Enquirer: 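This structure is in structure tokens; I'll ask about it shortly.
Keep in mind that the numbers below use all heavy atoms, side chains included, and drop hydrogens, waters and symmetry copies. On a predicted model such as this, the values are computed, not experimentally measured, just so you know.
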Amino acid sequence: QVQLVESGGGSVQAGGSLRVSCAASGYRYGYYCIGWFRQAPGKEREGVAAIYTGGGSTYYADSVKGRFTISQDNAKNTVYLQMNSLKPEDTAMYYCAARGPFRSGGCGLGTQAYDYWGQGTQVTVSS
């Protein structure tokens, strides 16, 4: 069973930066899609970014493209989301999620496609 643990959330000023981390364990041999999602109170959960561990391909929502970067550190079994130029509308609970394993493939940002979820980490951006 895949276990995901997020960390690194906090409060920052608009225009600032923050990096959140997702540490994974319990996965089987193969490749996974690791995605970052966020949900603000009263709103639906939305996909932010995803990475395919087999080749490093990345995917971003239009709202964060050019500001956020997803990356992986295989030695630490960790996926990061570097968030720059943060805006108040980025305020949300951020979750990482995983789907797989796959022999090959790509990733999307649809919530329903992911099977394993972390507990979330809060990101708050003040104006």
Side-chain angles (χ1 to χ4, degrees):
Q1 188 70 229
V2 176
Q3 306 291 322
L4 304 171
V5 179
E6 301 99 329
S7 62
S11 298
V12 298
Q13 298 175 358
S17 298
L18 197 65
R19 187 179 75 167
V20 291
S21 303
C22 177
S25 62
Y27 47 86
R28 302 192 301 273
Y29 180 81
Y31 303 118
Y32 287 80
C33 293
I34 307 295
W36 281 99
F37 299 80
R38 66 187 183 187
Q39 187 168 23
K43 296 184 178 180
E44 295 184 354
R45 189 170 299 179
E46 63 175 345
V48 175
I51 188 167
Y52 181 59
T53 65
S57 297
T58 57
Y59 311 83
Y60 297 96
D62 289 341
S63 60
V64 306
K65 192 172 297 182
R67 300 188 297 122
F68 291 10
T69 303
I70 189 169
S71 62
Q72 62 180 343
D73 185 335
N74 290 332
K76 296 182 178 181
N77 295 318
T78 300
V79 171
Y80 303 98
L81 184 68
Q82 178 68 45
M83 300 180 286
N84 298 327
S85 301
L86 282 163
K87 305 174 181 180
E89 50 263 45
D90 294 319
T91 295
M93 183 73 75
Y94 282 70
Y95 301 88
C96 67
R99 65 175 303 194
F102 303 106
R103 188 176 183 274
S104 62
C107 303
L109 298 176
T111 301
Q112 295 298 116
Y114 289 79
D115 302 308
Y116 310 102
W117 293 83
Q119 81 290 342
T121 185
Q122 179 68 37
V123 172
T124 301
V125 184
S126 60
S127 60

Enquirer: Check whether any side-chain heavy atom of Leu4 sits under 4.5 Å from a side-chain heavy atom of Tyr95, and report yes or no.
Expert: no

Enquirer: Shortest non-hydrogen contact from Tyr52 to Cys33?
Expert: CD1-SG, 4.1 Å

Enquirer: What pair of heavy atoms forms the shortest contact from Gly106 to Tyr59, and how long is it?
Expert: CA-OH, 3.5 Å

Enquirer: Are the side chains of Ser63 and Phe68 in contact, using a 4.5 Å heavy-atom criterion?
Expert: no

Enquirer: With rounding to the nearest 0.5 Å, note down the distance linking CZ in Arg19 to CD in Gln82.
Expert: 6.5 Å

Enquirer: For Val123, which of Val20, Thr91, Leu81 qualifies under side-chain contact (heavy atoms from CB on, under 4.5 Å)?
Expert: Val20

Enquirer: So, for Ala61 and Gly47, which heavy atoms are closest and what is the spacing to 0.1 Å?
Expert: CB-O, 3.5 Å

Enquirer: Compare every heavy atom of Pro101 with every heavy atom of Arg28, then report the nearest pair and how far apart it is.
Expert: NH2-CD, 2.9 Å

Enquirer: So, for Asp115 and Gly100, which heavy atoms are closest and what is the spacing to 0.1 Å?
Expert: OD2-N, 4.4 Å

Enquirer: Please check this pair: side chain of Thr121 against backbone of Gly9, looking for a donor-acceptor N/O pair closer than 3.5 Å.
Expert: yes

Enquirer: Any donor-acceptor pair under 3.5 Å linking the side-chain atoms of Ser17 with those of Asn84?
Expert: yes

Enquirer: For Tyr32, is there any backbone N or O sitting under 3.5 Å from a side-chain donor or acceptor partner on Thr53?
Expert: yes

Enquirer: Starting from Tyr80, can I reach Val64 by hopping between I/L/V/M/F/W/Y residues whose side chains sit under 4.5 Å apart?
Expert: no

Enquirer: Is it true that a side-chain atom of Glu6 and a backbone atom of Gln119 form a donor plus acceptor pair closer than 3.5 Å?
Expert: yes

Enquirer: With a 4.5 Å limit on heavy-atom distance, are the side chains of Cys22 and Trp36 in contact?
Expert: yes

Enquirer: Hey, is CZ on Phe102 packed in by over 12 heavy atoms from elsewhere, all under 6.0 Å?
Expert: yes

Enquirer: Considering only heavy atoms from C-beta outward, does the side chain of Tyr94 approach that of Phe37 to under 4.5 Å?
Expert: no

Enquirer: Show, in sequence, the C-alpha distance, side-chain angles and deciding distance for Asp90 and Lys87, and conclude whether the salt bridge (charged side-chain N to carboxylate O under 4.0 Å, His left out) test is met.
Expert: CA-CA 5 Å; Asp90 294 319; Lys87 305 174 181 180; over 6 Å; no

Enquirer: Would you say Ile51 and Tyr31 are hydrophobically clustered, going by side-chain heavy atoms of ILVMFWY under 4.5 Å?
Expert: no

Enquirer: Does Thr78 use its side chain to pair, donor to acceptor, with the backbone of Lys76 at less than 3.5 Å?
Expert: yes

Enquirer: Between Thr124 and Val12, is any pair of side-chain heavy atoms under 4.5 Å apart?
Expert: no

Enquirer: Quick one: does Tyr60's side chain have a donor or acceptor within less than 3.5 Å of a partner on Ile70's backbone?
Expert: yes

Enquirer: To the nearest 0.5 Å, how far apart are CG in Leu18 and CD in Gln13?
Expert: 12.5 Å

Enquirer: Within the 4.5 Å heavy-atom criterion, are Tyr27 and Gln1 side-chain neighbours or not?
Expert: no

Enquirer: Does a side-chain heavy-atom distance below 4.5 Å link Tyr116 with Cys96?
Expert: no

Enquirer: For Ala40 and Ala92, work out which heavy atoms get closest and say how close.
Expert: N-CB, 3.9 Å

Enquirer: Any salt bridge (Lys or Arg N to Asp or Glu O under 4.0 Å) involving residues 39-54? Give me the pairs, sequence neighbours left out, ordered by first then second residue.
Expert: Arg38-Glu46

Enquirer: Quick one: list whatever passes salt bridge (charged side-chain N to carboxylate O under 4.0 Å, His left out) with Glu89, sequence neighbours left out.
Expert: none

